[in-house]
There are 2 protein chains.
Amino acid sequence: MVEDSWTIPDVAVAVDLAVLTVRDEALQIMLVERGIEPYAGMLALPGGFLFDDAEDIDVAAARELSEETGLTPAVLHLEQLRTYGAPGRDPRRRVISICYLAFVPDLPDPVAGGDARRAAWTPVKKALEGSAEVAFDHVRIIQDAVERARSKIEYTTLAASFCPAEFTMTDLRRIYEIIWGQQLDPRNFHRKITSVTDFLVPTGERTTRYGGRPAALYRCGPATLLHPALLRAR
Amino acid sequence: MVEDSWTIPDVAVAVDLAVLTVRDEALQIMLVERGIEPYAGMLALPGGFLFDDAEDIDVAAARELSEETGLTPAVLHLEQLRTYGAPGRDPRRRVISICYLAFVPDLPDPVAGGDARRAAWTPVKKALEGSAEVAFDHVRIIQDAVERARSKIEYTTLAASFCPAEFTMTDLRRIYEIIWGQQLDPRNFHRKITSVTDFLVPTGERTTRYGGRPAALYRCGPATLLHPALLRAR
DNA sequence: CCAAAAGTGTTCACCGTACACCCATGT
DNA sequence: ACATGGGTGTACGGTGAACACTTTTGG
């Protein structure tokens, strides 16, 4: 860190969120419709400029997430993704955007923001293939978020943060299949997951919602890392 | 991104570097001695406030790296590490620091900075164990940098960026051993590395600098990812 | 009874580890 | 000759992929 503070230009710092969920058999991302120029009417990541001069950026991200989802941030997974600072990414002025990645379960309600803005789920496929109009450099950010999610669930238990409190082995497998875009063998998947100590804790309950033999229900255990890792085919 | 630009507080944006090298059988990090308060006389990561209003943050980091090392940034590995923005991390004012991680070979000369500041190599062990006085929250940043380096060389060819242009298999193995802090079997290491296509290209030359049978010299090939990964023991 | 989903057991190929062994140099 | 480091061959144990097979429900 250098001492020439006299050269500091006028830079705005924003905290943006890439909130992912699995919904309707697809990986979806939370986007808000912009009300004003630039990019009015287009979709953008939820977020805002750094609010309080004494607020930690991690805390600011958690607050935003809570506002947008209506959920308490404690239970949700939130991690810093990357910072984007290309000049011209916002046509109004220089904006440095610190982006966070969050995984949330399929929420019962599509969520109305804490303030009046509308937040809605958009399939990642639509956002990336251009059939949804995405503002700023947010397509690039969504790409990075998805890639991070894909690799993160390989070696952590975070796939379970896309599931409700109780879920079946098949629920969890579907999460993997949807995020990775590939089929997994249900039998080998079952064995691999149960071999990870403290990942899934059986509740004793069973459900028969998919027809066929009833499946055991699980809750998340204390494990956070997958040993051994569950690798996707490349 | 939200529209209420009227709440933007006065925030300074810094770009800092965690430059790692392997030198004297140890992982070392480039630190500069601070000339002024706060933390005058203590060591800190090289870096500076965002210089040019039209300069990309990635470019700013590359420029800093070039200034500090005297090397052209093109050949060096440089990636964004994380952004640190806790309030109070700089006692003077709110500073958001975007940190970059660089891997450089053991430079012939300990490097005098582009401007007059002195940059020097400090063993990471000293910086982390407190026998070197490190300013701000930079100990935490160094921890993150080292952990990133340790895991990065597991699945990429980046360990070679710590080596000079031509190197032996043993040179490369020493890099791994020093960064991971564990011994590796030279014979299995040799076979694993040579089995990765396009990683190492033999120059045809041999060296006998360590005594014993002369070792083949290699250059880096075009490969960037290790398939299969080279995992450290845990 | 049959379909469908859950869950178990078994086979087989491959990969990492450990280590015996041979090669090529300096002294 | 022998010490030193470079490099190859091989045996063995563990893991992942594939898949046959059994279990438990609904229709």
Side-chain angles (χ1 to χ4, degrees), chain A residues 25 151 153-155 159-160 163 166-178 180-197 199-219 225-234, chain B residues 25 151 153-155 159-160 163-164 166-178 180 182-197 199-219 225-234:
Chain A
E25 302 285 292
S151 75
I153 61 175
E154 284 189 316
Y155 59 95
C163 293
E166 297 195 351
F167 53 93
T168 66
M169 195 61 81
T170 300
D171 292 332
L172 185 62
R173 180 168 45 86
R174 291 248 197 280
I175 300 292
Y176 276 95
E177 290 178 336
I178 289 164
W180 284 348
Q182 60 187 222
Q183 297 286 111
L184 299 175
D185 185 307
R187 300 156 293 189
N188 292 332
F189 181 84
H190 186 278
R191 203 158 354 128
K192 285 180 190 178
I193 295 296
T194 48
S195 78
V196 178
T197 51
F199 183 10
L200 294 195
V201 180
T203 64
E205 305 281 310
R206 302 186 158 265
T207 179
T208 177
R209 95 189 80 140
Y210 294 130
R213 174 174 169 177
L217 284 169
Y218 298 91
R219 292 180 175 283
L225 259 44
L226 246 41
H227 277 304
L230 189 58
L231 299 173
R232 56 190 148 150
R234 314 268 175 175
Chain B
E25 303 286 293
S151 74
I153 62 175
E154 284 190 313
Y155 59 95
C163 294
E166 297 195 353
F167 54 93
T168 67
M169 195 61 80
T170 299
D171 292 332
L172 185 63
R173 180 166 46 84
R174 291 246 197 282
I175 299 293
Y176 275 95
E177 290 178 337
I178 289 164
W180 285 348
Q182 60 187 222
Q183 297 285 109
L184 298 175
D185 185 306
R187 300 158 291 189
N188 293 332
F189 182 83
H190 186 279
R191 205 159 352 145
K192 285 180 190 179
I193 295 296
T194 47
S195 78
V196 178
T197 51
F199 183 7
L200 294 193
V201 181
T203 65
E205 304 282 311
R206 302 186 159 264
T207 180
T208 177
R209 93 188 83 143
Y210 295 129
R213 173 174 169 178
L217 284 170
Y218 299 91
R219 293 180 175 283
L225 259 43
L226 247 39
H227 276 306
L230 189 58
L231 299 174
R232 56 190 148 150
R234 313 267 177 176

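In what follows, chains carry the letters A, B, and so on, assigned in the order in which the sequence lines appear, proteins first and then strands, with residues in each chain numbered from 1. The structure displayed is predicted, hence computed values, not measured ones.
A donor-acceptor contact under 3.5 Å is not formed by the side chain of A:Arg187 with the base of C:dG9. Between the side chain of A:Arg213 and the base of C:dA6, a donor-acceptor pair under 3.5 Å is found.
The CE atom of A:Met169 sits 9 Å away from the C1' atom of C:dG7 (whole-angstrom rounding). Distance CZ (B:Arg232) to C1' (C:dT17): 19 Å, rounded to an integer number of Å. Residue A:Leu200 contributes atom CG, which lies 14 Å from atom P of C:dA6 at whole-angstrom precision. To the nearest angstrom, P of C:dC15 lies 13 Å from NE2 of B:His227. One can place CZ of B:Arg206 at 8 Å from P of C:dT25, the figure rounded to the nearest angstrom. Between the CD1 atom of A:Ile193 and the C1' atom of C:dA6 there is a distance of 15 Å, given to the nearest Å.
If B:Arg173 and A:Asp185 are placed on DNA chain D by their nearest nucleotide, the residue sitting closer to the 5' end is B:Arg173. In this structure, B:Asn188 and B:Thr168 both approach DNA chain D, and ranking their closest nucleotides by distance from the 5' end singles out B:Thr168. Residues A:Arg191 and A:Pro214 both approach DNA chain C. Their nearest nucleotides, taken by heavy-atom distance, put A:Pro214 toward the 5′ side.
The phosphate of C:dA6 (OP1 or OP2) has a side-chain N or O of A:Thr170 nearer than 4.0 angstrom. The phosphate of C:dT17 (OP1 or OP2) has a side-chain N or O of B:Lys192 nearer than 4.0 angstrom. Close to C:dT8, at under 4.0 Å from its OP1 or OP2, lies a side-chain N or O of A:His190.
The nearest pair of heavy atoms linking B:Leu230 to B:Trp180 is O-CH2, 3.1 Å. Across every non-hydrogen atom of A:Leu225 and A:Val196, the tightest pair is O-CG1, 4.2 Å. A pairwise comparison of heavy atoms in B:Ala159 and B:Ile175 identifies O-CG2, 3.7 Å as the closest pair.
Aromatic ring centres of A:Tyr176 and A:Phe189: separated by under 6.0 Å.
Side-chain contact between A:Leu217 and A:Phe167 is absent, with no heavy atoms from C-beta onward closer than 4.5 Å.
B:Asn188 places no side-chain N or O within 3.5 Å of a backbone atom of B:Asp185 that could act as its donor or acceptor partner.
The footprint of chain A on DNA chain D, defined by a heavy-atom cutoff below 4.0 Å, extends from D:dG16 to D:dT25.
Nucleic acid contact class of A:Pro228 (heavy atoms, under 4.0 Å, all strands): sugar-phosphate only.
With sequence neighbours excluded, no residue forms a side chain to side chain donor-acceptor pair (under 3.5 Å) with B:Glu205.
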